[in-house]
Amino acid sequence: IILSQSEDTQQQIIRETFHLVSKRDENVCNFLEGGLLIGGSDNKLIYRHYATLYFVFCVDSSESELGILDLIQVFVETLDKCFENVCELDLIFHVDKVHNILAEMVMGGMVLETNMNEIVTQIDAQNKLEKSEAGLAGAPARAVSAVKNMNLPEIPRNINIGDISIKVPNLPSFK
Amino acid sequence: MALKMVKGSIDRMFDKNLQDLVRGIRNHKEDEAKYISQCIDEIKQELKQDNIAVKANAVCKLTYLQMLGYDISWAAFNIIEVMSASKFTFKRIGYLAASQCFHEGTDVIMLTTNQIRKDLSSPSQYDTGVALTGLSCFVTPDLARDLANDIMTLMSHTKPYIRKKAVLIMYKVFLKYPESLRPAFPRLKEKLEDPDPGVQSAAVNVICELARRNPKNYLSLAPLFFKLMTSSTNNWVLIKIIKLFGALTPLEPRLGKKLIEPLTNLIHSTSAMSLLYECVNTVIAVLISLSSGMPNHSASIQLCVQKLRILIEDSDQNLKYLGLLAMSKILRTHPKSVQAHKDLVLQCLDDKDESIRLRALDLLYGMVSKKNLVEIVKKLMSHVDKAEGTTYRDELLTKIIDICSQCNYQHITNFQWYISVLVELTRLEGTRHGHLIAAQMLDVAIRVKAIRKFAVSQMSALLDSAHLVASSTQRNGICEVLYAAAWICGEFSEHLQEPHQTLEAMLRPKVTTLPGHIQAVYVQNVVKLYASILQQKEQAAEPEAAQDVTQLMVDRLPQFVQSADLEVQERASCILQLVKHIQKLQAKDVPVAEEVSALFAGELNPVAPKAQKKVPVPEGLDLDAWINEPPSDSESEDEKPKAIFHEEEPRPAKPRQLEADEEELARRREARKQEQANNPFYIKSSPSPQKRYQDMPGVEHIPVVQIDLSVPLKVPGMPVSDQYVKLEEERRHRQRLEKDRKKKKKKDKEKKGKPRRHSSLHTESDEDIAPAQQVDIVTEEMPENALPSDEDDKDPNDPYRALDIDLDKPLADSEKLPVQKHRNTDTSKSPEKEDVPVVEKKVRKPKKKEKKHREKGREKREKGKEQKEKSSKRKKKQHKKEKEERSKDKKKSKKKKPPSDEAAEPVENGALDEDPLPPMSSYCLLAENSYIKMTYDIQGSLQKDSQVTVSVVLENQSSSFLKSMELNVLDSLNTKLARPEGSSVHDGVPVPFQLPPGISNEAQFVFTIQSIVMAQKLKGTLSFIAKNDEGSTHEKLDFKLHFSCTSYLVTTPCYSDAFAKLLESGDLSMSSIKVDGISMSFQNLLAKICFHHHFSVVERVDSCASMYSRSIQGHHVCLLVKKGEKSVSVDGKCSDSTLLSNVLEEMRATLAKC
């Protein structure tokens, strides 16, 4: 559902979701009843909170709530493996990679794979393919990019949380 | 070349990449928008370059911007370019961008079909994978239809990675293209037992999604799933299967019985909470479906409830939440077993987590009984006071009302208490549910007669404190209750103790700050009050007091007359005039009270919400028919052509009705009452003693203030419901004592079956609490012969309904996915004769004209399979192709055309397939026998004014070789077959080809025609020699060639100004038809008219279109097509009236099939 909506609606969903999720206490349950915005009462927001990051999934009643919590855990662990000790900045600067990892787990709103090893294998294989394609021609660009990264003034510690919840529209409801 | 590449990559170093963009945005916090627009400009530059790497980088950045909420649909074409890059790196970027921003409305999406097909068949599994992932996000009906077969092939790919993606995406394909479900299902089923767990899981996933929507079609899979459930160790798969069983059991109780045991085992054995929870859920579903019949299921219920209690008591909030959720499911069928855990639920109400509180509230709804209602509501009320945040408070408020009002106020024993709860709720500030409270007040006051007196006293107090309430001006705010209060006080004014005071309260200047609709009610009810006061005063012989009241009205009403709200203003000025008139009469000492009260005589009864719908339509009444000629829909530019079709009569402006004096009003009132009495569908008022002023002796109508001791004297502030709680408790106590006494008596005197006082709604199982008031809940009225309709809640737009397909039926030959057999690079479009300009492709139907345009070129097919191919759709395409080729180059096509045998298949078959789309083939069956089938089409051309060409497709249906075919017709005076020079009228025209078995070809014959205004038929014969191994025989086939008037029309474009001139010229005769029962969209309808009747659309506005065509002899035919609710009317003008009426009749036949 969410995918087919306009950019404005997507942003609104993200804002409201973030608003809802971020003000929740640490020790409350991780489910939120669906509002109209996310497609009615059949849908739920299920989230997990890791340090400054919220991972929010919007699912319908065909998914098991606890199963999705597990899935989020798998997602985060996979990110951790792929980025080697993932931190928020990895996610912010490599949104495309996050997407690619997610695409191996969730496809068109349906859960594709829950086995972490399998996911990591596929991602690694794709990365290898990418590297081989870049070959020599890609080397200078990579070098420049590395230099640019070194010159980063000071990596800000406090992250604009608004950036974080951008993950929501990438997780269309599980239709 | 290499140098260029290196140079390119050096250039690239200085382009921003995604990381630079992100960094840049973070460094430009203050002027983010400006920075981004600058970036977008850069990206636009980059997209213009030829280097695909640069483009990909740009698209990658765009994807990020899209996530920030920027519209990037303008770059859709560039995204497709990047998608088609040969390198996986870029391809992935392209597909990611596409999956983020493409949707069904993206028009370039149709360009991707071939690219995606190429990627799907790519040797690299990751190319295929990325294409599948992307496609899953933006698949459209068109893409689904075109690619379904390719994806189905991938389901058997050697790599499990591809298999699982292909299996999963099939669900999306089914959704968009339901026809694919049956052909693909066997393979999907096969995948349930795939050796790879990922593929298996995907198949389970898809089938569970499908079964969730239409479970009954998947019952036959139950044994297979049962096997999986007992063998699988993958929790994810198990959960899915168990969920699926939950959906299946309600349909098949036997399945449930079988399930109980393995599920209980799982519950006992599993350590995974998620699995345990789903098991419990399914057991509950099973038990619900078994609720009758199985004797020993209480053990299972107990097990579930126990497990759930453990969940709810767990410190993990998630488990608590889910426990409550599952509990509410049990509650529906086994409320008793849940009610035992009321303590737990009430405890959850105090939880700090809102989600949990909401769940607990849901549970409460089912737990209330007469005994504990008051207690529970009291608890909720205290929560209302404490609650922070209006959402939760509003939720509480609605829940309180829901709980109390459920099942026709079944649990309420004391309505005084309920009213006071409602009044207390009005103290909530900032709620958005004022209208809910108001509705309850009205409902209770109307339906519980005994409570009216109390209600009125409370309402008048509310009105008195209006300044408190009115402080909130929010829409739907709490001031809504004043709406109810004003109405109740007005309608039941005879119960008012101090009507004068209430009247003054309602006429305060402050009232004008209220929303318009409330003021309107105020104005109306002020008069009711006024009427009752008037009557009171006159009966008490206090004419001066009566005049004072009138004066008050005259003084105060003008403030409403000035209102900006039309309703208020109109009512107020009406009433002001009325009151002024009364004032005059009063001055002459004329008694007026009775007549004024007559305005409001009669009582309103509650009517069931669906009553109106259930009134049966009397026989012979067509609700869709126009009563008057329909007015033209639009007033703007296209007024002109319409004005010609309808001579609009100037309507005399209605003289505005002057305010009727009260006698007039009374007279009308009487008349209306008479009318209502004769009208079987009007809810008649039951005689109410208070209202029948005519029959009442005057004295009884004087309200005597009675002091009812059970009701505490009204405190000027708000009543506190607690008082009623206490009173209620005392009352119950008394009752109990009394009952005990009775019991004793009973014991003494033997049973004497004393019927206790029961309201109709009380059942024996209720705790024996008699209600305080004689609860006389007026049941809602229904029309006498209400139609039983359970279709009320079906949603016709449910996208999943299309997937309600029987899967157990064996596959028919016709059910095949469209196959792209052989791709032709030549996709150039040839000009199409029937150019249909109006078909848009937004409609969610699988087949569209544009679509066909694109595909025609690619559809050359092999012979072998074609013979089996019978799907109507294929046929249509085939016909199109046929036609296209014919128009391209006839001779060439005759020689080169691959032998295609099915063009000649009857179109009639297509209609049987229940295809929702207009069969866009103008070929129709001419004749058929075991050897040959003939279909034909007739076209005229504007160049030759008296000739038409009949194209006959001949299909050899036999195993014989057909040759020496000759076609002959019996000429009429009007229509003659053009024969080769030198032949006589009795000679046939040879068909210039021979037909091997299974082949079809097309021959064309020219006919000359004199008059074209009438349709006509010609008898004819096709003779041929059929030759096979056993020898040759001479055969013939008779036919009747039908020349419809339509076939003399030639699609001719016309501009709207020329069209208007034509109509204005005045020498066209007019005629019209109307066809009912049309469900097809206007779009398709027009397309159909264009196609079958050779018209072109001149202009289209909403559901109205003007169309034009020209006959081969130059007659102009103009149409105005209008679509109503379910009908279509066609007005036509033509230079020949006979031609017009014939064309219209033919059109009627076409439309009738829509």
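Letters A, B, ... mirror the listed sequences (proteins, then strands); counts begin at 1.
In this structure, chain A has heavy atoms under 4.5 Å from both the backbone and the side chain of B:Phe88. B:Thr133 touches chain A through backbone and side chain together, each having a heavy atom under 4.5 Å away. For B:Leu275, no part sits under 4.5 Å from any heavy atom of chain A, backbone or side chain. When heavy atoms are compared at a cutoff of 4.5 Å, B:Cys208 does not approach chain A at all. The contact between B:Leu96 and chain A is made entirely by side chain atoms (from C-beta outward), counting heavy-atom distances below 4.5 Å. Heavy atoms of B:Ile242 lying under 4.5 Å from chain A are absent altogether. Residue A:Leu69 touches chain B through its side chain alone, counting heavy-atom pairs closer than 4.5 Å. Of the two parts of B:Lys165, the backbone and the side chain both hold a non-hydrogen atom closer than 4.5 Å to a non-hydrogen atom of chain A. Of the atoms belonging to A:Gln122, heavy atoms from both backbone and side chain fall under 4.5 Å from chain B.
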Would you list the atom pairs, donor with acceptor, under 3.5 Å between side chains in residues 103-117 of chain A and any protein atom, with sequence neighbours excluded?
residue  : atom : partner  : partner atom : Å
A:Glu104 : OE1  : B:Tyr161 : OH           : 3.0
A:Glu104 : OE2  : A:Gln126 : NE2          : 2.9
A:Glu104 : OE2  : B:Tyr161 : OH           : 2.7
A:Glu113 : OE1  : B:Lys164 : NZ           : 2.6
A:Glu113 : OE2  : A:Asn115 : N            : 3.1
A:Asn115 : OD1  : A:Asn117 : N            : 3.0

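Taking the charged nitrogens against the carboxylate oxygens, A:Glu130 and B:Arg92 do have a contact shorter than 4.0 Å, which makes a salt bridge.
Heavy-atom pairs under 4.5 Å with chain A peak, among B:Val22, B:Val206, B:Leu21, B:Leu168, at B:Leu168. Ranking B:Ile356, B:Asn318, B:Asp316 against chain A, the residue ahead of the rest is B:Asn318, based on heavy-atom pairs under 4.5 Å.
Between B:Phe138 and B:Phe102, the ring planes lie perpendicular to each other; the angle is over 60°, past the 30° to 60° tilted range. Between A:Phe75 and A:Phe55, the ring planes are perpendicular. Angles over 60° get that label, and only those under 30° would be called parallel.
Taking 4.5 Å as the limit, every side-chain heavy atom of A:Asp90 sits out of range of all side-chain heavy atoms of A:Val98. No side-chain heavy atom of A:Phe57 sits less than 4.5 Å from a side-chain heavy atom of A:Arg48. For the pair B:Trp236/B:Val204, no side-chain contact is recorded, criterion being any heavy-atom separation below 4.5 Å from C-beta on.
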| message | I'd like to know whether A:Tyr50 forms a side-chain hydrogen bond (donor to acceptor under 3.5 Å, both in side chains) with A:Gln73, so could you lay out the CA-CA distance, the side-chain angles of the two residues, the decisive distance to 0.1 Å, and finally the verdict. | response | CA-CA 10 Å; A:Tyr50 294 88; A:Gln73 182 65 27; 2.6 Å; yes
